[in-house]
Chemist: 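Before I ask anything, here is the structure I am working with.
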Amino acid sequence: MIQLLFAVLSAEVAVAVTLLFKTPLRKLVVLGLDRLKRGRGPVMVKTIAGTVLVVLASSLYSIAKISSGSAELGALTPTDQVLMSRHLLEASLMGYSLFLALIIDRLHHYVRELRGLRKSMEAVLKQNRVLEEAKTGGSSEVKELDGMIAGLNEQIKQLKSESEDRLQEAKAAEARAAALKKQSEDLLLEYDRLLEDNQNLRNQLNSIDNRLSFSDAKKIA
C-alpha cells in the first residue's frame, strides 16, 4: 500500500513539473489530460478520489482509536507505535496525493487558458496591423479606426495582464510542487526509518517471547 502511494505521488510530481515547463512532453501530458477529462474519465477520477478519501478517513480513525487506547493505558505499546506510524504515513501520502491531483488539474486549466489568451492576442495584433495599414492607406473612416485601434490596444493590455496573472499562479504552483517533492523525499526517509524500527521491535518481541518460553519451561521442569 505504502509503495503504491509513493509511486502515485512520484508520478503526480513528475506530471506537475512537466506542466510547468514548455516542452514537447508538456503537449503530450496536456493531450492526455484532455482525453482523461472527456467521456467517462471524470467519473472514474471522482470514484478513485472518493475511494482514497474513504481510506484516508479509515486511517485517521485508526490513529484516533490507537491514541484513545494509549490514553487509557498511559503509554503506547511497541506494536501500537508501529501501527500508528504506519497509519500516519499512509494518511500523509494520501493527503499529499489528493492535493497534487488538485494542483495538476489547476495547472492543466491554466495552460489551456494561456494558450487561448495567446491565440486571442495574436488575432488582436493581426487585426490591429490591418487597421493601421488601412489608416495609413488614406481611409475615409480614420476616426472610427482610431477608436477601434484604441479599443484593441486596451484589449491587448488586458490580455497581457491576465497572462501575467496566470504566469504568477503557475510559478506559485511550481513552488508548491517543489515543496511537496521535498516532503515526499522526507516521507520516504521516514518510511525507511520506520521499517528499521519495526524490525528492531520485532526482534525485541521475539527475544521477550523466547525468554518467557524458557522461563515457563524451567518452572514446569
Side-chain angles (χ1 to χ4, degrees), residues 1-57 59 89-130 151-189 191:
M1 176 77 176
I2 293 178
Q3 289 85 351
L4 176 62
L5 289 173
F6 268 114
V8 172
L9 194 63
S10 301
E12 287 179 333
V13 170
V15 172
V17 172
T18 302
L19 288 173
L20 293 173
F21 301 100
K22 188 178 181 180
T23 60
L25 186 60
R26 185 171 75 172
K27 294 181 180 179
L28 296 176
V29 173
V30 172
L31 182 61
L33 291 174
D34 287 339
R35 291 184 178 179
L36 184 62
K37 290 184 178 181
R38 296 173 186 169
R40 303 177 65 181
V43 177
M44 294 176 58
V45 171
K46 290 179 181 178
T47 303
I48 294 172
T51 304
V52 174
L53 282 174
V54 171
V55 177
L56 176 60
S59 297
L89 182 60
E90 288 179 351
S92 300
L93 290 174
M94 284 185 282
Y96 290 137
S97 178
L98 291 173
F99 183 66
L100 265 179
L102 180 61
I103 287 181
I104 290 172
D105 179 68
R106 291 294 87 197
L107 284 174
H108 175 247
H109 177 70
Y110 293 147
V111 168
R112 288 176 60 86
E113 278 197 353
L114 283 173
R115 285 185 176 180
L117 287 172
R118 286 171 182 169
K119 290 180 180 179
S120 300
M121 287 179 63
E122 290 175 358
V124 169
L125 289 173
K126 184 177 180 180
Q127 190 175 1
N128 194 8
R129 284 195 299 268
V130 172
L152 290 172
N153 287 330
E154 288 297 327
Q155 291 181 12
I156 291 172
K157 291 180 181 179
Q158 183 178 358
L159 289 171
K160 286 182 178 179
S161 176
E162 292 178 359
S163 178
E164 291 176 357
D165 292 340
R166 294 296 182 273
L167 288 174
Q168 292 295 328
E169 292 175 352
K171 289 180 180 179
E174 179 182 0
R176 290 195 295 268
L180 285 173
K181 182 179 180 181
K182 186 178 183 302
Q183 289 178 357
S184 65
E185 293 174 353
D186 294 339
L187 285 173
L188 183 59
L189 294 175
Y191 175 62

Chemist: What is the distance from atom CG of Leu19 to atom CG of Leu25, rounded to the nearest 0.5 Å?
Modeler: 9.0 Å

Chemist: Hey, could you give me the CD/NE2 distance between Glu113 and His109, rounded to the nearest 0.5 Å?
Modeler: 3.5 Å

Chemist: Taking atom CG of Leu93 and atom OG of Ser59, what is their separation to the nearest 0.5 Å?
Modeler: 10.0 Å

Chemist: Tell me, please, which residues at least two apart from Arg176 pass side chain to side chain donor-acceptor pair (under 3.5 Å).
Modeler: none

Chemist: Report yes if some heavy atom in the side chain of Leu33 is under 4.5 Å from a heavy atom in the side chain of Val111; otherwise report no.
Modeler: no

Chemist: Who are the side chain to side chain donor-acceptor pair (under 3.5 Å) partners of Glu169, not counting sequence neighbours?
Modeler: Tyr110

Chemist: With rounding to the nearest 0.5 Å, note down the distance linking OG in Ser163 to CD1 in Ile156.
Modeler: 13.0 Å

Chemist: Give, for atom CG of Asn153 and atom CD of Gln155, the distance between the pair rounded to the nearest 0.5 Å.
Modeler: 9.5 Å

Chemist: I need the minimum non-hydrogen distance between Leu20 and Ala170, along with the two atoms involved.
Modeler: CD2-O, 3.4 Å

Chemist: Identify each donor-acceptor pair in which a side-chain atom of residues 2-14 lies under 3.5 Å from a protein atom, sequence neighbours left out, and give them as a table.
Modeler:
{"unit_1": "Gln3", "atom_1": "NE2", "unit_2": "Tyr191", "atom_2": "OH", "d": "3.0"}
{"unit_1": "Ser10", "atom_1": "OG", "unit_2": "Phe6", "atom_2": "O", "d": "2.8"}
{"unit_1": "Glu12", "atom_1": "OE1", "unit_2": "Ser97", "atom_2": "OG", "d": "3.2"}
{"unit_1": "Glu12", "atom_1": "OE2", "unit_2": "Ser97", "atom_2": "OG", "d": "3.3"}

Chemist: In residues 35-44, what donor-acceptor pairs under 3.5 Å come from side-chain atoms, sequence neighbours left out?
Modeler:
{"unit_1": "Lys37", "atom_1": "NZ", "unit_2": "Asp105", "atom_2": "OD1", "d": "2.7"}
{"unit_1": "Lys37", "atom_1": "NZ", "unit_2": "His108", "atom_2": "ND1", "d": "2.9"}

Chemist: Closest heavy-atom contact between Leu114 and Leu167?
Modeler: CD1-CD2, 4.2 Å

Chemist: Does Gln168 have any side chain to side chain donor-acceptor pair (under 3.5 Å) partners at least two apart in sequence or in another chain, and if so, which?
Modeler: none

Chemist: Rounded to the nearest 0.5 Å, how far apart are NZ of Lys27 and OG1 of Thr18?
Modeler: 14.5 Å

Chemist: Show your reasoning for whether side chain to side chain contact (heavy atoms under 4.5 Å, CB included) applies to Leu159 and Glu162.
Modeler: CA-CA 5 Å; Leu159 289 171; Glu162 292 178 359; 4.2 Å; yes

Chemist: Among all residues two or more places apart in sequence or in another chain, which pass the salt bridge (charged side-chain N to carboxylate O under 4.0 Å, His left out) test with Arg106?
Modeler: none

Chemist: Go through Met94 and Glu90 one step at a time and tell me if the side chain to side chain contact (heavy atoms under 4.5 Å, CB included) criterion holds.
Modeler: CA-CA 6 Å; Met94 284 185 282; Glu90 288 179 351; 4.2 Å; yes

